[in-house]
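In what follows, residues are counted from 1 in the order of the sequence shown. Computed from a prediction, not measured in an experiment: that's the story for all the values here.
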Amino acid sequence: YTVADLALLDLGRADEATHLPQALAIWEQLGNVKDKATVLTVLGATAYWKGEWDAALDYFPRGSDACTRPGDLVSAGYGTSNIADILLDQGRPDEVVGLRDVIDLWRSVGHPGPVPAALRNLGRRALQHGDMTKARDPFEEARWADEDIGAGTVEDDACRVVISEYSRE
């Protein structure tokens with residue numbers, strides 16, 4: 001079920017991805033915490049992309065908690081970053097917590113992939129607090145982190161504009 005819905009999500013057919021609740025029930029019945037955590041995280045992402053932010057804010061912490069129980073702090077960090085994304089989209093920067101810790105953890109274990117997005121969220125949080133100075137460093141770090149992993153994003157381009165505007169002041 002999980003793989004089928006992941007394929008549908010990759011194809012941009014999120015409305016057809018309806019098997020995840022069944023997968024969650026199976027993993028819960030079997031007591032498989034790792035796969036339960038994966039399904040909860042994917043349910044959160046699915047809800048996010050459907051615009052169902054309240055549901056996503058329910059699934060992501062449950063997924064993180066399920067990851068943490070067997071000690072998978074690396075995967076649990078995705079929940080922290082995803083929750084931050086939603087809270088920032090909703091203009092709730094004061095509720096964003098734990099990003100720097102997750103970034104430091106991911107870097108310490110050589111897991112660079114999610115670092116740039118989390119750094120951009122730190123920058124966005126600072127911007128929403130009106131602190132351009134505090135926003136600049138994480139945006140710069142995100143750009144370099146993306147380059148380190150061979151990625152470049154529209155978000156990096158937007159961050160460059162913010163940094164450029166800040167540099168003119």
Side-chain angles (χ1 to χ4, degrees), residues 1-126 128 138 141-142 144-146 148-151 153 155-156:
Y1 292 124
T2 306
V3 173
D5 278 4
L6 285 172
L8 288 167
L9 292 171
D10 281 346
L11 293 170
R13 296 164 43 189
D15 289 336
E16 296 176 51
T18 60
H19 303 93
L20 289 169
Q22 292 166 300
L24 180 60
I26 291 168
W27 296 128
E28 284 177 334
Q29 184 178 11
L30 293 174
N32 185 321
V33 178
K34 182 179 181 337
D35 287 321
K36 174 184 173 180
T38 299
V39 171
L40 285 166
T41 301
V42 174
L43 279 164
T46 303
Y48 174 85
W49 289 113
K50 288 180 176 179
E52 299 168 358
W53 288 353
D54 289 338
L57 286 172
D58 175 59
Y59 287 124
F60 285 138
R62 290 172 54 203
S64 288
D65 181 54
C67 290
T68 302
R69 273 186 258 140
D72 185 0
L73 301 180
V74 171
S75 295
Y78 284 93
T80 301
S81 190
N82 291 333
I83 291 165
D85 225 0
I86 294 169
L87 294 174
L88 291 166
D89 286 347
Q90 293 179 332
R92 298 161 55 187
D94 292 336
E95 296 175 54
V96 174
V97 295
L99 280 176
R100 181 51 74 179
D101 291 338
V102 167
I103 292 165
D104 292 344
L105 171 69
W106 284 333
R107 284 179 166 163
S108 74
V109 298
H111 190 69
V115 169
L119 286 165
R120 280 189 291 277
N121 280 337
L122 278 179
R124 290 176 60 208
R125 182 176 188 271
Q128 288 186 18
E141 275 187 80
W144 292 114
D146 267 332
D148 285 347
I149 61 172
T153 66
E155 289 93 348
D156 285 328

(request) Test Val102 against every option in Thr80, Asn121, Val74 by the side chain to side chain contact (heavy atoms under 4.5 Å, CB included) rule and name the one that passes. (result) Thr80

(message) Pair Glu95, Ile86 - check side-chain contact (heavy atoms from CB on, under 4.5 Å), show working.
(response) CA-CA 10 Å; Glu95 296 175 54; Ile86 294 169; over 6 Å; no

(message) I'd like to check the side-chain contact (heavy atoms from CB on, under 4.5 Å) partners of Pro61; sequence neighbours left out, ordered by chain and number.
(response) Ile83

(message) How long is the straight-line distance from CH2 of Trp144 back to CG of Leu119, given to the nearest 0.5 Å?
(response) 14.0 Å

(request) Go through Asp15 and Lys50 one step at a time and tell me if the side-chain contact (heavy atoms from CB on, under 4.5 Å) criterion holds. (result) CA-CA 8 Å; Asp15 289 336; Lys50 288 180 176 179; 3.9 Å; yes

(request) Taking all heavy atoms of Arg92 and all of Leu57, pick out the closest pair and write down the distance. (result) NH1-CD1, 4.1 Å

(request) Report yes if some heavy atom in the side chain of Arg120 is under 4.5 Å from a heavy atom in the side chain of Asp146; otherwise report no. (result) yes

(request) May I ask you to decide whether Arg124 forms a salt bridge with Asp89, counting only side-chain N to carboxylate O separations under 4.0 Å? (result) yes

(message) How long is the straight-line distance from NE2 of His111 back to OG of Ser75, given to the nearest 0.5 Å?
(response) 6.5 Å

(request) Using a 4.5 Å cut-off on heavy atoms from C-beta on, say whether the side chain of Arg62 contacts that of Leu24. (result) yes

(message) To the nearest 0.5 Å, what is the distance between CD1 on Ile103 and CD on Glu141?
(response) 7.0 Å

(message) Show the nearest heavy-atom pair for residues Pro93 and Arg125, with the distance to one decimal.
(response) O-NE, 3.1 Å

(request) Compare every heavy atom of Leu122 with every heavy atom of Pro138, then report the nearest pair and how far apart it is. (result) CB-CB, 3.9 Å

(request) Name all residues meeting the side-chain contact (heavy atoms from CB on, under 4.5 Å) criterion together with Asp104; count only those two or more places apart in sequence or in a different chain, and write none if there are none. (result) Arg100

(message) Check for me whether the distance between the ring centres of Trp53 and Phe60 falls short of 6.0 Å.
(response) no

(message) Holding to side-chain contact (heavy atoms from CB on, under 4.5 Å), I want the full list of residues that pass it with Leu11, two or more places apart in sequence or in another chain.
(response) Arg13

(message) Once ring pair (Phe, Tyr, Trp, His ring centres under 6.0 Å) is applied, do any residues pair with Tyr1, and if so which ones, sequence neighbours excluded?
(response) His19

(request) Could you tell me which non-hydrogen atom of Gly77 sits nearest to which non-hydrogen atom of Trp106, and how far apart they are? (result) C-CZ2, 3.4 Å

Which pairs would a plain distance check flag for residues 32-47, meaning a side-chain donor or acceptor within less than 3.5 Å of a matching protein atom at least two apart in sequence or in another chain?
{"residue": "Asn32", "atom": "OD1", "partner": "Lys34", "partner atom": "N", "Å": "3.3"}
{"residue": "Asn32", "atom": "OD1", "partner": "Asp35", "partner atom": "N", "Å": "2.9"}
{"residue": "Asn32", "atom": "ND2", "partner": "Asp35", "partner atom": "OD2", "Å": "2.9"}
{"residue": "Thr38", "atom": "OG1", "partner": "Lys34", "partner atom": "O", "Å": "3.2"}
{"residue": "Thr41", "atom": "OG1", "partner": "Ala37", "partner atom": "O", "Å": "3.0"}
{"residue": "Thr46", "atom": "OG1", "partner": "Val42", "partner atom": "O", "Å": "2.8"}

(message) According to side-chain contact (heavy atoms from CB on, under 4.5 Å), who are the partners of Ala25, at least two apart in sequence or on a separate chain?
(response) none

